[in-house]
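To start, the structure itself, in structure tokens.
Here is how names work: the chains are called A, B, and so on, in the same order as the sequence lines, proteins then strands, and each is numbered from 1.
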There are 2 protein chains.
Amino acid sequence: MSVPGAPKVRTCVGDCLDVLHDMEPESVDLAYVDPPFFTQKIHRLNTRDGSATFSFRDIWGSDHSYSDFIYQRIRRTRTVLKSSGSLFFHCDKAASHIIRLLLDSIFGPEQFRSEIIWSFRRWSNAKKGLLPAHQTIFFYSKTDNFKFNTFYQEYSPSTNIDQIMQKRIRDSRNKTVYARNEKGEVVGNGIKKGVPLSDVWEIPFLNPKAKERVGFPTQKPVLLMKRIVELVTDEGDWILDPFCGSGTTLVTSKLLNRNSIGIDISEEAVELTKRRLEAPLFTESPLAQRGRESYRRHESYAATYLFGVAYTPVHRNTGIDGLLKEEVAGLPVFVRVQREGESVSQAVSALRKAARNKGDCRLVVIATHADLFDSGRFADVDVIPSTAFALNEYIKKRRPSTQRPPRTGDEGLISRGQKPNSKGA
Amino acid sequence: MSVPGAPKVRTCVGDCLDVLHDMEPESVDLAYVDPPFFTQKIHRLNTRDGSATFSFRDIWGSDHSYSDFIYQRIRRTRTVLKSSGSLFFHCDKAASHIIRLLLDSIFGPEQFRSEIIWSFRRWSNAKKGLLPAHQTIFFYSKTDNFKFNTFYQEYSPSTNIDQIMQKRIRDSRNKTVYARNEKGEVVGNGIKKGVPLSDVWEIPFLNPKAKERVGFPTQKPVLLMKRIVELVTDEGDWILDPFCGSGTTLVTSKLLNRNSIGIDISEEAVELTKRRLEAPLFTESPLAQRGRESYRRHESYAATYLFGVAYTPVHRNTGIDGLLKEEVAGLPVFVRVQREGESVSQAVSALRKAARNKGDCRLVVIATHADLFDSGRFADVDVIPSTAFALNEYIKKRRPSTQRPPRTGDEGLISRGQKPNSKGA
DNA sequence: AAAGTAAATGAATCAGTAA
DNA sequence: GTTACTGATTCATTTACTT
């Protein structure tokens with residue numbers, strides 16, 4: 001699949017019912033639907049008579065405006081979905097059962113994939129009862145041949161991972177036991193990937209003070225959108241948000257190199273979305289979020305790499321991360337940790353520039369990854385490998401030339417599996 | 001209210017529709033309903049000793065016949081509830097939307113209290129899609145005047161307790177601010193109890209090896225029942241379980257000094273319940289007691305050093321810290337980070353010992369400090385320097401022989417005894 | 001084609017052994 | 001004897017295979 005240079009983003013003011021009508025059928029890989037809550041209207045929807053309520057017709061067949069409103073728009077949304085496409089419908093306990101019935105009737109119950117629980121912590125109130133701390137996202141696909149990228153989570157700490165790496169067989173009494181070879185040694189069963197991603201997602205609610213927040217009432221965190229986008233789309237795919245609001249879906253799509261279409265009836269919302277898209281805030285970057293949140297001890301990226309080193313952190317200097325506590329050959333030593341997406345040469349240049357008017361000193365770059373490692377070429381800067389770098393070099397030296405390295409972990413999703421549907425259909 | 005000496009327990013074989021008909025109206029404080037989930041499967045399980053097989057049939061002609069079955073029984077259940085009573089209905093994604101509609105129509109939507117998510121981890125397998133890891137419990141009360149005992153959870157680790165303990169008021173623009181006295185000092189607000197219990201409950205799934213297990217399929221953990229019982233009943237109250245199965249509800253009620261009534265259509269199930277009640281067995285789940293964190297020991301120290309490395313943490317092994325995601329020369333690679341106060345040789349020995357019966361593998365020690373560094377001597381273990389180690393070696397090489405090394409930053413405050421031989425390094 | 005069976009799996013326990 | 005460690009065991013879910 002060809003990946004275009006820059007992701008395309010289209011925004012549109014209007015009722016998505018009309019806009020969807022003009023869209024090409026089978027053109028979208030993912031539709032994320034996060035409609036407004038008409039809570040009162042939903043409550044009026046609830047029927048009095050027991051058994052009659054179960055049929056879908058009783059809900060939207062009458063003049064109940066909310067379910068009718070949703071039904072019409074989701075039916076058109078389904079039309080513009082590719083046959084490999086998926087729909088994620090975000091709702092909460094107020095309407096989840098009605099939405100479920102609607103989606104079952106539009107997509108067919110056999111296309112129901114998951115009831116995703118987004119759980120979060122939030123400020124408590126003193127209400128009698130339990131504190132609501134989750135919302136529901138329904139995942140439906142258009143066909144059985146839906147696109148799905150398998151992600152894995154860490155094993156539970158109570159799992160004995162080195163033990164379950166052993167191969168197991170059944171003995172004469174059909175009991176599972178660990179396999180052993182003729183020498184009586186245990187037999188391995190290949191490397192472990194982690195456990196498949198579950199349908200309960202604990203993702204922090206957008207911090208009230210986050211820069212990411214743009215003042216839109218129902219704004220969703222970029223991290224939540226990121227997970228949805230990465231689960232069922234690849235780079236260059238098309239993502240539709242028919243109720244785009246403040247545009248989180250479009251911002252996320254752009255950051256992840258997906259094309260996107262956002263529709264909202266409110267002109268102000270679309271204007272806000274456009275402004276966000278022009279200059280996505282730094283904290284909106286999934287990369288930045290991943291980094292900042294995964295650092296141990298809430299330290300900076302550099303501090304994490306320099307753990308155990310006797311140094312003084314240097315703040316408010318973009319080129320220098322730290323100053324060693326001990327002088328080397330009578331000179332102060334400035335240290336820079338190679339950034340993600342930065343080559344060693346770039347790190348060396350940045351450090352050189354920052355140290356230009358610091359007088360006599362020594363310069364050290366900590367190499368964190370090998371993409372463009374060209375150590376030894378720098379007369380004035382010493383390059384020292386980080387733990388990760390040294391270990392990766394160790395692996396690389398012994399790797400068969402054909403093999404590709406695996407990805408490193410990011411915020412819980414530790415690795416990405418093969419696409420099951422890559423065989424095509 | 002007087003608390004009787006011993007809790008009463010009644011069991012009954014039969015269709016709860018008939019049994020409920022003969023019960024006194026307004027006599028029960030809590031009804032816990034855990035019927036077949038509409039899985040369209042037969043659930044079957046053997047007891048541990050293989051002496052008996054319990055099974056029940058959860059296959060229905062249509063969703064209509066299922067909902068009709070439930071509707072009739074829940075309507076009678078409501079009748080026997082006291083006006084202060086509550087109903088907890090356990091289901092899963094197969095029928096949660098149908099159940100929600102039924103309960104709304106029987107109790108009235110305004111008596112809906114919570115959609116409780118019971119989330120858990122369990123064994124998994126490769127699947128196209130997300131791994132189901134939750135079930136739903138609907139909480140309805142008969143009237144607004146329902147009995148409810150407020151429980152509190154621990155604050156999130158990221159919560160600033162100092163701030164929580166300050167008194168808050170609203171300023172002139174109705175914004176919340178911290179209260180200050182006339183001297184401008186912050187005012188306390190008394191000790192806080194924690195965060196009110198949320199509607200997402202993470203409770204370990206009943207483990208296959210748990211003593212609590214009696215061989216009944218779909219058996220629920222006592223811990224889950226305990227939370228429900230304590231939330232809406234007091235000692236001496238009456239609890240009803242119209243689909244009591246293996247009797248977890250009755251066992252929990254007895255242990256917590258509540259009276260209970262259990263009904264099941266299966267004679268074997270009721271017999272099993274009676275046997276369980278004679279010797280109520282409740283394994284205080286070690287996991288639930290100690291928490292998942294208790295399995296993480298050395299992990300964070302090792303993780304800090306291994307930042308940027310693609311590895312899986314190994315939790316339940318004192319010698320091995322991690323397993324590389326990538327095999328090296330076709331073998332798994334176990335990693336140990338040299339501990340503080342441990343020499344490289346000691347780290348090598350510990351790793352060797354832990355890996356003794358792991359079959360063919362490679363071993364790597366990350367050297368973090370140099371006290372007794374004697375790398376290169378180990379034929380079977382590779383020693384790789386950490387960032388700190390490499391940097392310290394860099395300094396040492398260029399250090400005049402008279403100079404003494406400074407101590408590293410973070411350990412400086414913690415007084416640790418001088419090692420008598422440290423000078424000789 | 002549908003139904004039934006087998007294999008793989010990992011979370012959390014039990015239980016035996018070493019310290 | 002007590003504690004800590006770690007090997008052993010179980011079982012519901014899913015995929016793959018067989019009847």
Side-chain angles (χ1 to χ4, degrees), chain A residues 113-114 144 148 150 152-171 173-180 184-186 189-199 420, chain B residues 37 39-50 53-55 58-59 92-94 119-135 202-223 281-292 294-295 297-298 312 314-320 350 353-359:
Chain A
R113 297 293 160 207
S114 285
D144 287 341
F148 190 85
T150 308
Y152 296 92
Q153 291 177 298
E154 295 286 349
Y155 292 93
S156 163
S158 56
T159 301
N160 196 341
I161 167 71
D162 62 327
Q163 184 190 350
I164 64 168
M165 277 177 59
Q166 298 169 29
K167 191 181 174 75
R168 279 177 287 185
I169 53 170
R170 282 176 192 278
D171 70 2
R173 287 170 307 177
N174 205 34
K175 252 179 44 177
T176 306
V177 292
Y178 291 116
R180 292 178 182 276
E185 296 164 334
V186 298
N189 196 23
I191 210 84
K192 295 284 170 175
K193 290 168 298 203
V195 295
L197 189 60
S198 93
D199 59 3
Chain B
F37 284 1
T39 55
Q40 302 289 25
K41 281 180 201 159
I42 294 172
H43 296 259
R44 193 178 288 130
L45 187 64
N46 296 322
T47 53
R48 188 65 45 75
D49 53 8
T53 301
F54 295 103
S55 69
D58 184 19
I59 297 174
D92 82 350
K93 57 183 161 48
S119 88
F120 43 81
R121 291 181 146 245
R122 65 172 164 194
W123 62 93
S124 57
N125 204 340
K127 184 192 179 216
K128 186 181 178 182
L130 299 165
L131 194 71
H134 76 275
Q135 292 178 1
E202 198 186 323
I203 292 176
F205 195 80
L206 195 56
N207 190 270
K209 286 286 284 182
K211 281 204 190 107
E212 187 182 320
R213 226 173 227 284
V214 292
F216 199 83
T218 72
Q219 188 183 346
K220 303 293 180 294
V222 173
L223 269 175
L281 195 51
F282 171 33
T283 48
E284 275 284 358
S285 159
L287 174 66
Q289 273 190 338
R290 298 196 303 264
R292 203 153 266 140
S294 70
Y295 285 88
R297 287 168 308 192
H298 179 66
T312 303
V314 170
H315 302 283
R316 292 186 54 208
N317 190 306
T318 46
I320 302 170
K353 192 181 152 216
R356 197 179 293 152
N357 40 15
K358 299 282 183 245

- Distance (rounded to the nearest 0.5 Å) between A/R113 CZ and A/D144 CG: 5.0 Å

- Task: Name the nucleic acid region contacted by B/K358, choosing base, sugar-phosphate or nothing; use a 4.0 angstrom heavy-atom cut-off, strictly under.
- Result: sugar-phosphate

- Item | Nearest-Å distance for atom pair NZ/P, residues A/K193 and C/dA8 | 14 Å

- Name the residue closer to the 5' end of DNA chain D, choosing between B/F205 and B/A354 according to the nucleotide with the nearest heavy atom. B/A354

- DNA chain D: A/R180 or B/W123, which has the more 5' nearest nucleotide? A/R180

- With a 4.0 Å cut-off on heavy atoms, is B/F120 in touch with a base, just the backbone sugar-phosphate, or nothing at all? nothing

- Message: Using whole Å, what does the distance between atom P of nucleotide D/dA8 and atom CE of A/M165 come to?
- Response: 15 Å

- Between OH of A/Y155 and P of C/dT13 the distance, given in whole Å, is 19 Å

- Counting just side-chain N and O atoms, does B/R122 come under 4.0 Å of either OP1 or OP2 of D/dT13? yes

- Message: With rounding to the nearest 0.5 angstrom, report the OG to NE2 distance, A/S158 to B/H315.
- Response: 8.5 Å

- Among the nucleotides C/dA19, D/dT10, D/dA8, which one has an atom lying closest to any side-chain atom of A/Q163? D/dA8

- Query: Are A/K192 and A/D162 within salt-bridge range, i.e. N to O under 4.0 Å?
  - Reply: no

- Message: Would the base of C/dT9 count as contacting B/N125 through its side chain, where contact means a donor and an acceptor less than 3.5 Å apart?
- Response: no

- Select base, sugar-phosphate, or nothing to describe what A/S158 touches, counting heavy atoms under 4.0 Å on all strands. base

- Query: When rounded to the nearest 0.5 angstrom, what is the spacing between CG in B/L131 and CG in A/D199?
  - Reply: 7.0 Å

- Over how many whole Å does the gap from A/D162 atom CG to D/dC5 atom P extend? 14 Å

- Task: Check if the side chain of B/R316 and the base of C/dT13 share a donor-acceptor pair of N or O atoms closer than 3.5 Å.
- Result: yes

- Message: Can you tell me if A/K192 touches the phosphate of C/dG10, counting only side-chain N or O atoms and a distance under 4.0 Å to OP1 or OP2?
- Response: yes

- Does D/dT14 have OP1 or OP2 sitting under 4.0 Å from an N or O in the side chain of B/S124? no

- Query: Are any of B/T318's side-chain N or O atoms less than 4.0 Å away from OP1 or OP2 of D/dT6?
  - Reply: yes

- Query: Pick the nucleotide of DNA chain C nearest each of A/I169 and A/N160; which residue has the one closer to the 5' end?
  - Reply: A/I169

- Query: Is a side-chain donor or acceptor of A/Y155 paired with a backbone partner of A/G194 at a separation under 3.5 angstrom?
  - Reply: yes

- Item | Atom pair distance, as rounded to whole Å: CD1 in A/I164 and P in D/dT9 | 16 Å

